[in-house]
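Notes for the one structure printed next.
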Amino acid sequence: MTHAEFVAAYAAGRVKVAVDPAAASKYLSARLLLPLFMMPVLGAGVALALVGWIWTGLAVIALGFIAPRLIKRSAPHFVLTQALQDEKIYGEVTQAGILQITPV
């Protein structure tokens, strides 16, 4: 199914779309480079705590832990939204088996 056909069928409700949450989470983590985001944020939080800004440092550390988890939790919705908007991402996620399309 081409991207244009998928978008039209989804809008008309002629297809059922299933997104694998675990695979979507891994895909999004790799695409957004979440581990590379988390490490410097955690380091900055530790540095702030060590220089005396304890509460600010702890808040930054909490942000470094919570933000990637929230992003991963919303991964299925993000993948579906992006697949509807971008033909390249649609091709990637369907070939990877993250997005399964079944006719209704």
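Computation of the quantities below employed the complete heavy-atom set of this structure, encompassing side-chain atoms and omitting hydrogens, waters and symmetry-equivalent molecules. Fair warning: this is a prediction, and the values are worked out from it, not measured in the lab.
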Over 12 foreign heavy atoms within 6.0 Å of CD, Gln85: yes
Test item: Val46 and Leu50 side chains (from C-beta on) under 4.5 Å apart, heavy atoms: yes
Note, Thr94 side chain near Tyr90 side chain (heavy atom, < 4.5 Å): yes
Looking at every heavy atom in both [X] and [Y], which two are closest together, and how far apart are they?
| X | Y | result |
| --- | --- | --- |
| Ala23 | Ile98 | CB-CG1, 3.8 Å |
| Val79 | Ala24 | CG2-CB, 3.9 Å |
| Ala83 | Ile89 | N-CG2, 4.2 Å |

Shared hydrophobic cluster, Leu32 / Met38 (ILVMFWY, side-chain heavy atoms < 4.5 Å): no
Cluster overlap Val17 with Phe78, hydrophobic side-chain contacts below 4.5 Å: no
Where at least one partner belongs to residues 29-50, residue pairs that pass ring-ring contact (aromatic ring centres under 6.0 Å, His included), sequence neighbours excluded: none
Test side chain to side chain contact (heavy atoms under 4.5 Å, CB included) applied to Val7 - qualifying residues, sequence neighbours left out: His3, Leu84
By side chain to side chain contact (heavy atoms under 4.5 Å, CB included) - contacts of Met39 (at least two apart): none
Pairwise salt bridge (charged side-chain N to carboxylate O under 4.0 Å, His left out) hits with a residue in residues 40-58, at least two apart: none
Salt bridge (charged side-chain N to carboxylate O under 4.0 Å, His left out) contacts in which one or both residues fall within residues 34-54, not counting sequence neighbours: none
Audit row: Tyr10, Ile101, side chain to side chain contact (heavy atoms under 4.5 Å, CB included) steps and yes/no: CA-CA 9 Å; Tyr10 183 80; Ile101 304 164; over 6 Å; no
Where at least one partner belongs to residues 19-31, residue pairs that pass side chain to side chain donor-acceptor pair (under 3.5 Å), sequence neighbours excluded: Tyr27-Glu92
Pairs meeting criterion side chain to side chain donor-acceptor pair (under 3.5 Å) with involvement of residues 95-104, two or more places apart: none
Remaining members of the apolar cluster that contains Leu36, side-chain heavy atoms under 4.5 Å: Leu33
Going by atom type alone, with no hydrogens or angles, which donor-acceptor pairs under 3.5 Å involve a side-chain atom of residues 52-75 and a protein atom two or more places apart or on another chain?
residue	atom	partner	partner atom	Å
Arg69	NH1	Phe65	O	2.8
Ser74	OG	Leu70	O	3.3
Ser74	OG	Ile71	O	3.1

Residues that Arg14 engages under salt bridge (Lys or Arg N to Asp or Glu O under 4.0 Å), provided they are two or more places apart: none
